[in-house]
Amino acid sequence: MSPTPSTPTPFALADTLAALPGFTAEGGTRNVGRRDGLGTVMLAAYERLGRLPDVYVQPIGSGAGAIAAHEAALRLRRADGGSSRPLPRLVVAQNSAFAPVHTAWHTGTRPWTCTDAGPDAIHRAFAPELTNRRPPYETSGGLAAALRESRGDVLTADADEARTAMAAFAESEGVDIEPPAGVALAALRTAVRQGRIDPAATVPLNITGGGRAWYAAERRLEANVPDLVVPRGATDSPQAVAEIAAAVTSAVPHHPQHVALARS
């Protein structure tokens, strides 16, 4: 399904379709299977280091990956001798143009409770993948709790900082990275320069995507054609919703009776 500039929010569409027979909401951050999958990054870091890292850095939209990493760290600490050992500091990064979690963490304001959450800010964000209007921030076991428990922090980076970080990574490591990872790397570089993260600390950085240009250098990349484009207002019409449901179901031929709807 492909969004258009006038697309209804994915949340509204997913909620509407999930209420229909044959559809099930995937659960987003509340899906323990999703979180356990995302948390394997922390397991891999532990396996490589032989211990929990000092700091863990990741870009976030909803924050599901960061919550998952924290949960994995809690389990590893219990398995490794108890609760006296420090948890990795959870440091997460957002676009400076759209940073609701950063605002909430540092000011106490909850941007997602406002009627106007700054729709233009999403279009100004360098990494649109990191724009989520309804992060699981205050829910039990959510992002705020993980940040508090790990003595964490929320940082931001702008487009110029992210591009510079991406160029530095490509020069150093020989492979390109995607904008979300660029935002996180830029935030990490700034935090180290400002003394917010010790340069001597062990810090896994979750590079959430990369290699596109490297891969394209020897292969031809083709964009997938969307199966369905949903215009604004589609969820306001029962007939339109029924047509969308039929289109989604037909796109899942192996499991036509049960379609899970994902939303972060």
Side-chain angles (χ1 to χ4, degrees), residues 26-46 48-49 52-78 86-96 98-107 110-112 125-157 162 165 177-192 196-197 201-210 262-264:
E26 177 266 354
T29 305
R30 292 177 175 81
N31 185 329
V32 65
R34 170 187 276 205
R35 297 199 312 274
D36 279 355
L38 294 170
T40 57
V41 177
M42 183 63 75
L43 302 183
Y46 182 89
R48 180 68 179 270
L49 297 171
L52 286 170
D54 303 314
V55 183
Y56 174 82
V57 180
Q58 175 167 339
I60 63 163
S62 69
I67 294 170
H70 180 68
E71 288 179 335
L74 287 169
R75 293 171 185 163
L76 288 167
R77 186 175 68 170
R78 285 196 296 269
L87 289 164
R89 284 188 61 219
L90 188 63
V91 177
V92 297
Q94 294 198 296
N95 295 287
S96 59
F98 187 90
V101 174
H102 180 268
T103 298
W105 181 249
H106 289 284
T107 72
R110 306 297 186 253
W112 47 85
F126 177 67
E129 301 92 332
L130 304 182
T131 56
N132 188 297
R133 292 182 180 276
R134 288 163 51 182
Y137 185 75
E138 294 176 303
T139 187
S140 177
L143 196 51
L147 288 166
R148 286 192 296 267
E149 190 169 15
S150 69
R151 314 166 323 282
D153 202 357
V154 186
L155 311 177
T156 63
I177 58 177
E178 295 293 304
V183 168
L185 177 56
L188 171 59
R189 285 156 59 97
T190 299
V192 171
R196 299 171 76 171
I197 292 179
T202 302
V203 186
L205 168 66
N206 191 339
I207 299 296
T208 51
R263 54 174 189 157
S264 293

**Student:** For residues 136-157, pull every pair meeting salt bridge (Lys or Arg N to Asp or Glu O under 4.0 Å), keeping only residues two or more places apart or in separate chains.
**Tutor:**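 Passing the test, one end in residues 136-157: Arg110-Glu138, Asp153-Arg196.
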
**Student:** Say whether, by atom type as modelled, one donor and one acceptor occur between the side chain of His70 and the main chain of Leu87 under 3.5 angstrom.
**Tutor:**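 Judged by distance alone, no pair lies under 3.5 Å.
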
**Student:** Return the CZ to OG1 distance between Arg134 and Thr29, rounded to the nearest 0.5 Å.
**Tutor:**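 Arg134 atom CZ to Thr29 atom OG1 measures 11.0 Å (nearest 0.5 Å).
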
**Student:** Within the side chain of Arg77, is there an N or O that forms a donor-acceptor pair under 3.5 Å with the backbone of Pro86?
**Tutor:**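 Not at all, since once roles are kept as given, no pair shorter than 3.5 Å links the two residues.
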
**Student:** Give me the atom names and distance for the closest heavy-atom approach of Leu130 to Phe98.
**Tutor:**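 Closest heavy-atom pair between Leu130 and Phe98: O-CD2, 4.4 Å.
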
**Student:** Of the non-hydrogen atoms in Gly210 and Glu178, which two are nearest, and what is the gap between them?
**Tutor:**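 Minimum heavy-atom contact is N-CG, 3.7 Å.
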
**Student:** Please report the interatomic distance CG(Leu155) to OG1(Thr190), rounded to the nearest 0.5 Å.
**Tutor:**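 Output value for this atom pair is 8.0 Å.
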
**Student:** Can you see which heavy atom on Val55 is nearest to which on Ala201, and at what distance?
**Tutor:**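 Heavy-atom minimum between the residues: CG2-CB, 4.4 Å.
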
**Student:** Within a strict 4.5 Å, meaning less than it, do heavy atoms of the Tyr137 and Val101 side chains meet?
**Tutor:**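 Answer yes - side chains close enough.
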
**Student:** Under the 3.5 angstrom rule, does the side chain of Glu71 hit a backbone N or O of Arg35 as a donor-acceptor pair?
**Tutor:**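 Flag not set: sc Glu71 to bb Arg35 has no pair under 3.5 Å.
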
**Student:** What closest approach, in Å, do Trp105 and Gly152 show between heavy atoms, and which atom pair accounts for it?
**Tutor:**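 Heavy-atom minimum between the residues: CZ2-O, 3.7 Å.
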
**Student:** For a quick test of reading the model, state the closest non-hydrogen atom pair linking Ser62 to Pro136 and the distance between them.
**Tutor:**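 For Ser62 and Pro136, the tightest heavy-atom pair comes out as O-CD, 3.0 Å.
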
**Student:** Can you tell me if Ser150 uses its side chain to pair, donor with acceptor, with the backbone of Leu90 under 3.5 Å?
**Tutor:**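 Here the side-chain-to-backbone pair exists.
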
**Student:** Quick one: pull up CZ in Arg30 and OG1 in Thr139 and give me the separation to the nearest 0.5 Å.
**Tutor:**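 Reported to 0.5 Å precision, the distance equals 4.5 Å.
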
**Student:** Between Val91 and Leu188, is any pair of side-chain heavy atoms under 4.5 Å apart?
**Tutor:**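 Heavy-atom side-chain distance check fails, nothing below 4.5 Å.
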
**Student:** Can you name the nearest heavy-atom pair linking Gln94 to Pro100, along with the distance?
**Tutor:**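 In terms of heavy atoms, the two residues are closest at OE1-N, 3.5 Å.
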
**Student:** Check whether any side-chain heavy atom of Ser96 sits under 4.5 Å from a side-chain heavy atom of His102, and report yes or no.
**Tutor:**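 No, every pair of side-chain atoms sits at 4.5 Å or beyond.
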
**Student:** Rounded to the nearest 0.5 Å, what separates atom CD1 in Ile60 from atom OG1 in Thr208?
**Tutor:**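 The CD1 atom of Ile60 sits 12.0 Å away from the OG1 atom of Thr208.
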
**Student:** Is there a side-chain contact between Asp54 and Arg89 in this structure, where contact means two heavy atoms from C-beta onward sitting under 4.5 Å apart?
**Tutor:**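 No, their side chains stay 4.5 Å or more apart.
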
**Student:** Is there a side-chain contact between Met42 and Pro204, using heavy atoms and a 4.5 Å cut-off?
**Tutor:**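 Contact flag for Met42/Pro204 side chains = no.
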
